[in-house]
Protein chains: 2
Amino acid sequence: MQQKVARRQGGGSTIRDVARQAGVSPMTVSRVINGEKSVRDSTRETVTAAIRDLNYAPNPAARSLASAELVRIGLLYSNPSAAYLSEFLVGGMEQTSRSGAQLIIERCDEGGEAEAAEKLVGMGVDGIILPPPICDSEAVLQTLAKSRTPAVAVATGHPAASTSAVRIDDRAAAEAMTQHLIDLGHRRIGFIKGHPNQTASAQRYEGYLTALSRAGLAADVALVAQGYFTYRSGLEAADQLLGLPSPPTAIFASNDDMAAATVAVAHRLGLDVPRDLTVCGFDDSALATTIWPELTTIRQPIADMSREAVTVLIEEIRARRSGESTPRRRTLLDFTLIRRQSDGRPKD
Amino acid sequence: MQQKVARRQGGGSTIRDVARQAGVSPMTVSRVINGEKSVRDSTRETVTAAIRDLNYAPNPAARSLASAELVRIGLLYSNPSAAYLSEFLVGGMEQTSRSGAQLIIERCDEGGEAEAAEKLVGMGVDGIILPPPICDSEAVLQTLAKSRTPAVAVATGHPAASTSAVRIDDRAAAEAMTQHLIDLGHRRIGFIKGHPNQTASAQRYEGYLTALSRAGLAADVALVAQGYFTYRSGLEAADQLLGLPSPPTAIFASNDDMAAATVAVAHRLGLDVPRDLTVCGFDDSALATTIWPELTTIRQPIADMSREAVTVLIEEIRARRSGESTPRRRTLLDFTLIRRQSDGRPKD
DNA sequence: CCTAGATTTGATACCGGTAACAGTCGGTGG
DNA sequence: CCACCGACTGTTACCGGTATCAAATCTAGG
C-alpha cells in the first residue's frame with residue numbers, strides 16, 4: 001500500500017516535531033522561540049531542550065509568511081578584534097537563525113563607522129549589534145540614537161545610556177587574575193594598561209589596583225606601563241618593565257596581544273616563562289594558545305555574549321513594534337580564569 | 001459588527017485575486033507564472049493580462065515554503081585560525097543571503113568530524129561547505145559521499161574526486177614567494193614544511209623546489225625542516241635551521257604561525273628581522289599583522305573563496321534537484337603576495 | 001458518432017509557521 | 001462553596017503559494 005509521500009524534504013525538523021518531542025503544542029514552541037513571557041519556566045526549558053536535541057531551526061519562509069514580519073538585525077564590525085569576530089559571528093548567527101531573524105553583517109573602516117551605521121539603518125535593519133571596539137564609538141552611538149534604532153553594545157566597559165549592553169565584569173575579572181598572581185606568591189606584579197580610549201581599559205586597571213590593596217600591597221607606579229592593546233605597544237611596555245632595576249616577577253597585560261609581546265621580550269632577555277617570569281593576558285584570543293608557552297588568561301564567553309545580545313535586541317525590537325517602551329538592559333555574563341603554562345610561583 | 005481582520009499585509013494582491021479577475025483557478029495562474037507549457041495560449045493571455053492589471057507579484061516566502069525549495073547549506077568547521085574563519089563566514093553569509101539560501105554553521109572537535117557531518121546531514125542540509133582543515137578529512141568525505149550530499153572543499157591542496165573544490169594554486173603561490181626571496185638576493189633559503197596530513201603542505205614545498213631549480217639553485221635538504229603548522233613546531237624547526245653551521249639568510253615557513261615562531265627564535269638568538277634574517281609566512285592570518293615586525297606573506301582571498309564555494313554548491317544542489325548530474329567543479333582564485341616588514345636583502 | 005489517449009484545468013491538501021481566541025487550572029474574595 | 005481572575009496552553013483557521021491527482025475537454029482513429 002502506498003503511503004502518502006511527505007512533501008517535506010529530508011531530515012529538517014519542524015515545529016511539530018519539536019512539539020511532539022517536548023510533549024506540548026506547536027503553539028507553545030512558537031511562543032518559546034519568540035521569547036514570549038507567558039510560558040512557564042519549566043515548560044520553556046523542556047521546549048528549549050527539545051529544540052537543542054532536534055537541532056531545530058525555524059523555516060524563515062514559513063515564519064515571514066505567517067507573521068508578515070521579519071526581524072532584521074545588523075552587525076557592525078571593524079577590523080581590530082578579528083580574533084574575536086569569528087566566535088562572535090558564530091554565536092550571533094546561531095541565535096538569529098534559531099529565532100528566525102535575518103542577520104546582516106557590515107564591515108566598516110576606521111573613520112567610516114557612522115557612515116556604515118547609516119547604511120545599515122538605510123537598509124532597513126530593526127536593530128544593531130555593536131561588538132568592540134565599535135561599541136565605544138561616539139559617532140555610531142549618536143547616529144543610531146538619532147534614527148531611534150535600538151542597539152546592543154557588547155563588551156564595552158562603560159555602556160552609553162542609549163543602548164543596552166552585554167558584557168563581563170572587567171573590573172572583577174582583572175581583580176581575580178591579580179588575586180591569582182598574589183596567591184601564587186607574587187608581590188611585585190607589573191601591569192600593562194590598555195588603550196585609554198576603550199572603556200574596558202580603565203576597569204581592568206581598577207581591578208588590578210583593588211586586588212593589590214585588598215592584599216595590603218602598595219601600588220607601585222613604576223610597575224604600571226601604558227599600552228595600546230597592540231603587540232608592538234606590548235613590546236615597549238614590557239621592555240620598560242623588565243628594564244627596571246628591580247623588575248616585577250609577574251606581568252599582567254590587559255590583553256593577550258600585549259602578553260604575547262611580553263613573552264617575546266622575556267625570551268629575548270634570556271628569561272624563561274614561567275620559571276623566571278609569570279605572564280598573564282586577558283581575552284583568551286587565538287594568540288593565547290598559538291604561542292608557547294600558552295597564556296594564562298581571562299576568557300570571555302564571546303559566543304554566549306553575542307547570543308545574548310541577539311536575544312536582547314530581538315526582544316527590544318518586538319516590544320517596540322507592539323508599542324511598548326523597554327528599559328535599556330544591562331547583562332553581565334560570567335568570565336573564566338583559564339590557567340595555562342605561562343604562570344608559576346616566583347623564583348625566590 | 002466586527003469584520004474579520006485580514007492578516008495579509010498592505011496592498012499586495014494575491015494569486016487568488018488574479019485568478020478571480022481572470023476567471024480561472026489559482027492553480028492555473030501558478031502554472032502561468034512558472035511558465036509551464038500545459039496551459040492553452042488563450043488562457044495564458046487572459047491570465048497574463050490579469051497579472052498586469054493587478055500589478056501582481058508572487059510572494060517569495062510563500063513560494064519557497066510551498067515548493068520546499070529552500071536551499072540549506074551547512075558549514076562545518078573545526079579549528080582554523082579565528083581570523084580565517086570570520087572572513088570565511090562573512091563571505092559565505094553574504095552569498096547565501098543573496099541567493100536566498102539558509103546557512104547552518106556547525107563546529108566540530110578533533111575526532112568528531114564525521115559525527116558532526118552526519119548531524120548536519122540529519123538536519124536536512126542540501127550541501128556542505130568544507131573549509132580547511134576539514135576539507136582534508138577522509139572521514140568526513142566518506143560520510144558525505146555515503147549520504148550523497150554534495151560538498152565543496154575550500155583551500156584543499158588535493159581535492160577528493162567526490163567533491164567540488166575552490167582554492168588557490170598553492171604551488172604557484174609558494175613558488176612566487178620563493179622567487180621573491182631569490183629576487184631580493186637570497187641564495188640560502190630555508191623552508192619549514194607544513195603538516196604532512198594536509199595536502200596543501202606538499203604543494204607549497206613543491207613550489208619552493210620549483211623556484212629554486214628554475215633559478216639554478218641547488219636544493220639543500222639541510223635547509224628544509226619539518227613543521228606541523230603549529231607555533232611550537234615552528235620554534236623547533238627554526239631552532240634547527242638557525243643552529244646550522246651555515247644558517248640560511250631567509251626562512252620561508254609554510255604558514256604564519258610557524259613564521260611567527262621563527263621570528264621569536266631569531267630574536268632570542270639576537271638576530272634582527274629583517275636585517276639579519278628574512279622571514280616569510282603563508283596565509284596572512286591575524287598573527288601576521290599582530291607581531292612585530294609584521295610578516296610578508298601570501299594572502300588568500302578568503303571571503304571570495306567562500307562566496308564562490310556557496311555559489312558552486314547552490315548550483316550543484318539546484319541541478320541535482322532537477323535530476324541533472326553535474327561534474328565536480330574545480331575553481332582556482334588568485335592569491336596575492338603581501339609585502340610587509342619581515343623581508344629584506346641579505347646582509348652580505 | 002463513439003471511445004481511447006492526450007491535453008488542460010480544477011479541487012484539495014498541504015508547506016511550516018503564527019494570530020486570535022477558547023479553554024484549563026489553581027487561587028481569591030464574597 | 002461558587003463566580004471570577006489571571007496565568008498558561010491548546011485549537012482552529014489561516015498566510016500565499018504549489019504538488020498531486022482527479023475531472024473535464026479535446027483530438028484522432030475506427
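Computed from heavy atoms alone, side chains included, the values below leave out hydrogens, waters and symmetry copies. Keep in mind it's a predicted model, so treat the numbers as computed, not measured.
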Given [N], is OP1 or OP2 found less than 4.0 Å from the side-chain N or O atoms of [X]?
X      : N       : answer
S38(B) : dT7(C)  : no
N34(A) : dT18(C) : yes
R40(B) : dT9(C)  : yes
R31(B) : dT8(C)  : no
T43(A) : dC8(D)  : no
S25(B) : dT9(C)  : no
T28(B) : dT9(C)  : no

Would R328(A) and E316(A) pass as an ion pair if we require N to O under 4.0 Å?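 A salt bridge is present here (some side-chain N lies under 4.0 Å from a carboxylate O).
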Look at the side chain of R63(A) and the base of dG16(C), then say whether one donor and one acceptor between them are separated by less than 3.5 Å.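 No such pair is found, so the answer is no.
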Nearest-Å distance for atom pair [atom1]/[atom2], residues [X] and [N]:
X      : N       : atom1 : atom2 : result
R20(A) : dG16(C) : CZ    : P     : 12 Å
N59(A) : dC15(D) : CG    : P     : 18 Å
R16(B) : dG17(D) : CZ    : P     : 8 Å
I15(A) : dC15(C) : CD1   : P     : 14 Å
E36(A) : dC8(D)  : CD    : C1'   : 12 Å

Would you say V90(A) and R107(B) make side-chain contact, with heavy atoms under 4.5 Å?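 No, their side chains stay 4.5 Å or more apart.
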Quick one: does T48(B)'s side chain have a donor or acceptor within less than 3.5 Å of a partner on R44(B)'s backbone?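 At least one qualifying donor-acceptor pair exists.
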Need the bend value for the helix from dC1(C)-dG30(D) to dG30(C)-dC1(D): angle between end axes, 5 pairs each end, nearest 10°.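 Rounded value for the end-axis angle: 50°.
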Would you kindly compare K37(B) and A62(B) by the position of their nearest DNA chain C nucleotide and give the one closer to the 5′ end?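 With K37(B) and A62(B) compared, the 5'-side residue is K37(B).
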